[in-house]
Amino acid sequence: MQDGCTGNLYFYGFETPDMSIIEQVQQHAIECLKALYQGDFTEKDFQVNQTKPEFRGDYTVVLFSLVKSLKLSPDEIGQKLGAEMARRHPDTYLGFNIIKGFLNLEISDAYWVQVLEKNFDDVCFGKHPMNGKKVMVEYSSPNTNKPLHLGHLRNNFLGWSVAEILKANGYEVWKSSIVNDRGIHICKSMIAWKLFANGATPASTNTKGDHFVGDYYVRFNDEYKKQVAELMDSGQTEDDAKKNAPIMLQAQQMLVDWEKGDPEVLALWKTMNQWVYEGFDITYKNIGCDFDIVYYESNTYLLGKDLVKKGLEDGVFYRREDGSVWIDLAGEGLDEKLVQRKDGTSVYITQDIGLAQQKYDQYKIDKSIYVIGDEQNYHMKVLQKICEKMRMPFAADMHHLSYGMVELPSGKMKSREGTVVDADDMVKEMEQVAENKTLELGKVGDFTESERLELYHTIGLGALKFFLLRVDPKKKMIFNPEESIDFHGFTAPFIQFNYARIRSILRKNEIPKAFEQPATLLPLERELLLSLEKYPVIIRQSAQELNPSLLAIYAYQLAKTFSSFYAEHSIASAESHDKKRLRLMLASMTAQVIKSALQLLGISVPERM
RNA sequence: GGUCCGGUAGCUCAGUUGGAUAGAGCAUCAGCCUUCUAAGCUGAGGGUCAUUGGUUCGAAUCCAAUCCGGAUCACCA
C-alpha cells in the first residue's frame, strides 16, 4: 500500500528531486575549488556541517583537510572559496566568515523563503520518487504459545516503521511475518490445556485467546517444575529429573504425534492456534501493525530440504558418517554448522534457507530485511554465509536488522517466570496515563466520549511507540515500569502537542495571498526553516541506516524549535501582513512535517489535545 | 575459552566516514500564563566520554592493551 506520495511525482530521467542545501553547498564548493585550484575535488575531500549556534552562519565547510594538498593556510583557502561561492551563487549565499579553519556560510533569506513558498503545503515534502526496487521486511514473527510482550512491541514498531520509511524512499515494500506455529513450545501449552482445562475456552472464561493459551504455557512450566522437584526428592539427579518429568515426556510425545499427523493432536493444535490468532489480531489492530504476507512455519518447515541436496551435490555441504549434513564455516570465522539431522529431518536454519529462496522466487525482491533480536546475530550470520556459499543471487542483499533486548531494571524479561510486561496491558496503561493527564489539564470538556477515547489512544500509544523507537535499534534498552513513560520533553505527546497548537491557529487563520515585499528572517524563523529543509535528508538517512530513531530525534528537535519560536513570536498577530503570512506558512509546514515524520513512526497526531 | 555488541551528566539516551567550548530529556534549583493550547518557554547547577598507551594540526569517534556488562558458540526454535 503506497501513500500516493511516491508514485507519480517524477518521470524517471526527466526530473530529479531538488538537492538539499547541504548537498548544494557541497557541489558549489567542489565547483569553486576546481575553478580556483584546477584539481579534482570530491565530497570526500572536505566536510560540510551545520554551523554551531555560537557562530554566525548556517552551514560550514571544514577546511583543514584541504590544507595539505593545496599547501595553503586554512584562512587563505577559506577567503578565496567563500568569495568565489558568494560570487557564483549570489542568490544562495548572503555572506561568510572564517574562524579557525572553518568557513561559515550564511544562506540568504531569499533562499529560505523560496524553500518555504515551494513546499509549505506539499503533503509529500521529504518523500522520494519510486526507485523501482522491491524489498521485503520480515518482522513480528511471533510464537503462538504466549501473548506479545514489550520486547515484541519493539520488534513490531521497528519493523513497521522501517517498512514505511523504505516506502517513503521509493521502494516497493512487502511486510511479512513468519508465524512460529509448531514445535515443542506449542505442545507444552496443548498438553497443559488437556490436563488442566476441563474443556475451558477463551469464550467460556472470557479471556483473550492469546492470553488464554499463554496461561497454559505458564501452567505447564509450573507443573514441570513441581514434577522435577518431586523426582529429585526421590533421588534423581537434576538432569535426569528434567528429562523424565512425565509432563515433559507427554509434550514431546505430542510433538511426535503432530509430525505423524495424528488427527486428534492436529485438531487441538488448530483450535488453540486459532484462539491465539484471534487474540493477536486484536493486538495488531490496536497497535497499528499490518502484514502483506503471513508465512506459517507449519507450511515452511520442510522447505530447504531440496537445497540441502543441491548443496551436497555442489560440495558446499558434507555428510558425516552418521548421516547428518554439515557446512564448515570455520574459514569465515564461524563454526561447523548442522543443516540436517542424521534422521533426515531439518533444523531451523534449513527452513530459513528455503524460505529465503522462496521469497526471492515468488516476489523477485531486491532486498530482504529481517527484523530479529540481537540474540540471533550468530544465526543470521550463518544463514547469510550459507546462502552466499550456495551462490544464491540474493545472498548479498539479505540484511539482518538486529535490535537489542528490552530489559527491566531487574534484568531480562522471562515469559516462563512471568516477569514480562504484557503488550496489551502496557498499551492499556499508557492510555490510562493519557486519560489521567488529559483530565488533569481539563482540555477536553467539549469532546464526545469517542473523541476522548481516540485521543487517549493516540497519545498513549504514541508515547509508547516513541519511547521504543527513539533509541538506536541496535542498543539494548532499559524500561522501568515503576516510572511510567513521561509525557514531557523528548516524547511523542510533546510533539503531538505542538502539532495541535499549530492546528488550532490554522483553524482560525487563513494564509494570506502573496508577500508585498521580501521578508527578512529573524533567527528563530530561520532556524525553523533550516530544520524543515533537512527533512528529506533525514528520511533518506533513516532508510540507509534502517534506523527510525533518526526520525524520532528529528521530529522532536523540529517540535522543540517550533515551541521556542511559538513562545517568542506571535503568529496570528504578527507585526506585519508579511510576517503573518510568513509565520502561518512556517507553522503550516511545520505541522505538515511533524505529521509526516510521526506517521513514518506509526504515530498519529491529534487535531486538538 | 572463541566470536560479536556495548560502557558518554544522578537516571534514560543523542553525538563515531576524526573537527570549534561533548548535547537533549527526566530529576534538582530560579524566573515566566489579562495576548495564537503552560503536555510549554527562559536560565542555573551537574562530565576524568570505563582505564592506559598510540596515531596527528586536531580523538568520545581510529588503533592496541586492560577492566566491567551482555549476547552467542545445541542433531532447541
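A note on names: the letters A, B, ... follow the listed sequences, proteins ahead of strands, and every chain is numbered from 1.
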**Q** Sequence neighbours excluded, which residues qualify as side chain to side chain contact (heavy atoms under 4.5 Å, CB included) partners of A:Glu54?
**A**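 Residues passing side chain to side chain contact (heavy atoms under 4.5 Å, CB included) with A:Glu54: A:Lys52.
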**Q** Which whole number of Å gives the distance between the P atom of B:U72 and that of B:A77?
**A**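 Each nucleotide's P atom is 16 Å from the other's.
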**Q** Counting any heavy atom closer than 4.0 Å, what does A:Thr60 reach on the DNA or RNA strands: base, sugar-phosphate only, or nothing?
**A**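 The answer is base, as A:Thr60 lies within the cut-off (heavy atoms under 4.0 Å) of a base atom.
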**Q** Let me know which of A:Lys475, A:Lys474, A:Lys476 forms a salt bridge (Lys or Arg N to Asp or Glu O under 4.0 Å) with A:Asp472.
**A**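 Answer to the salt bridge (Lys or Arg N to Asp or Glu O under 4.0 Å) test with A:Asp472 among A:Lys475, A:Lys474, A:Lys476: A:Lys474.
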**Q** Check A:Asp181, A:Asn273, A:Asn180 against A:Ser298 for a side-chain hydrogen bond (donor to acceptor under 3.5 Å, both in side chains) and give me the one that passes.
**A**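 Output: one option passes, namely A:Asp181.
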**Q** Under a 4.0 Å N-O cut-off, is there an ion pair linking A:Arg341 with A:Asp322?
**A**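 Result for this pair is no, no salt bridge flagged.
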**Q** Using a 4.0 Å heavy-atom cut-off across all strands, classify A:Ser563 as base, sugar-phosphate, or nothing.
**A**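 Sugar-phosphate, backbone atoms only, no base.
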**Q** Any base atoms under 4.0 Å from A:Asp181, or only sugar-phosphate, or nothing? Heavy atoms, all strands.
**A**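 Result for A:Asp181 = nothing.
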**Q** Between the side-chain atoms of A:Asp486 and the base atoms of B:A27, is any donor-acceptor pair under 3.5 Å?
**A**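 For A:Asp486, whose side chain was compared with the base of B:A27, there is no donor-acceptor pair (under 3.5 Å).
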**Q** Is the phosphate of B:G40 approached by A:Lys560 (side-chain N or O, under 4.0 Å from OP1 or OP2)?
**A**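 Indeed not, no polar side-chain atom of A:Lys560 lies that close.
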**Q** Of the residues in residues 338-346 of chain A, which ones touch RNA chain B at a heavy-atom distance under 4.0 Å?
**A**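 Correct list: A:Leu338, A:Arg341, A:Lys342.
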**Q** Strictly under 4.0 angstrom, non-hydrogen atoms only: write out the protein contact profile of nucleotides 4-15 of chain B, one letter per nucleotide from the 5' end, B, S or -.
**A** S-SS----SSS-
**Q** Quick one: the side chain of A:Ser324 and the base of B:C75, do they pair up donor-acceptor inside 3.5 Å?
**A**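 Answer yes: a donor N or O sits under 3.5 Å from an acceptor.
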**Q** Which atom pairs, donor and acceptor, lie under 3.5 Å between side-chain atoms of residues 71-79 of chain A and protein residues at least two apart or in another chain?
**A**
residue : atom : partner : partner atom : Å
A:Ser73 : OG   : A:Glu76 : N            : 3.1

**Q** State whether A:Lys188 places a side-chain N or O below 4.0 Å from either non-bridging phosphate oxygen (OP1 or OP2) of B:A77.
**A**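 Result: no.
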**Q** Report the relative orientation of the aromatic rings in A:Phe490 and A:Tyr556; use parallel for angles under 30°, tilted for 30 to 60°, perpendicular for over 60°.
**A**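 The rings of A:Phe490 and A:Tyr556 sit tilted, inter-plane angle from 30° to 60°.
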**Q** Let me know the distance between CG of A:Leu455 and C1' of B:A39, rounded to the nearest Å.
**A**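 Nearest whole value for this atom pair: 11 Å.
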**Q** Respond yes when some side-chain nitrogen or oxygen of A:His488 is under 4.0 Å from OP1 or OP2 of B:G40, and no when none is.
**A**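 It does, given that an N or O in the side chain of A:His488 lies less than 4.0 Å from OP1 or OP2 of B:G40.
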**Q** Please classify B:C41 as syn or anti, treating any glycosidic angle within 90° of 0 as syn.
**A**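 Anti, which is what one calls it when the glycosidic angle falls more than 90° from 0.
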**Q** Can you tell me, in whole Å, how much space there is between the P of B:C62 and that of B:U16?
**A**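 Here B:C62 and B:U16 have their P atoms 10 Å from each other.
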**Q** Give the dot-bracket string for RNA chain B, reading 5' to 3', where a pair is Watson-Crick or G-U wobble with both distances under 3.5 Å, ( ) marks pairs inside the strand, [ ] marks pairs crossing earlier ones, | marks a partner on another strand, and . marks unpaired.
**A** ((((((((.[[[[.)...(...]]]].(((((.......))))).....[[[[[..)....]]]]])))))))....
**Q** For nucleotides 30-37 of chain B, read 5' to 3', which letter fits each nucleotide if B means a protein heavy atom sits under 4.0 Å from the base, S means only the sugar-phosphate is that close, and - means neither?
**A** ------BB
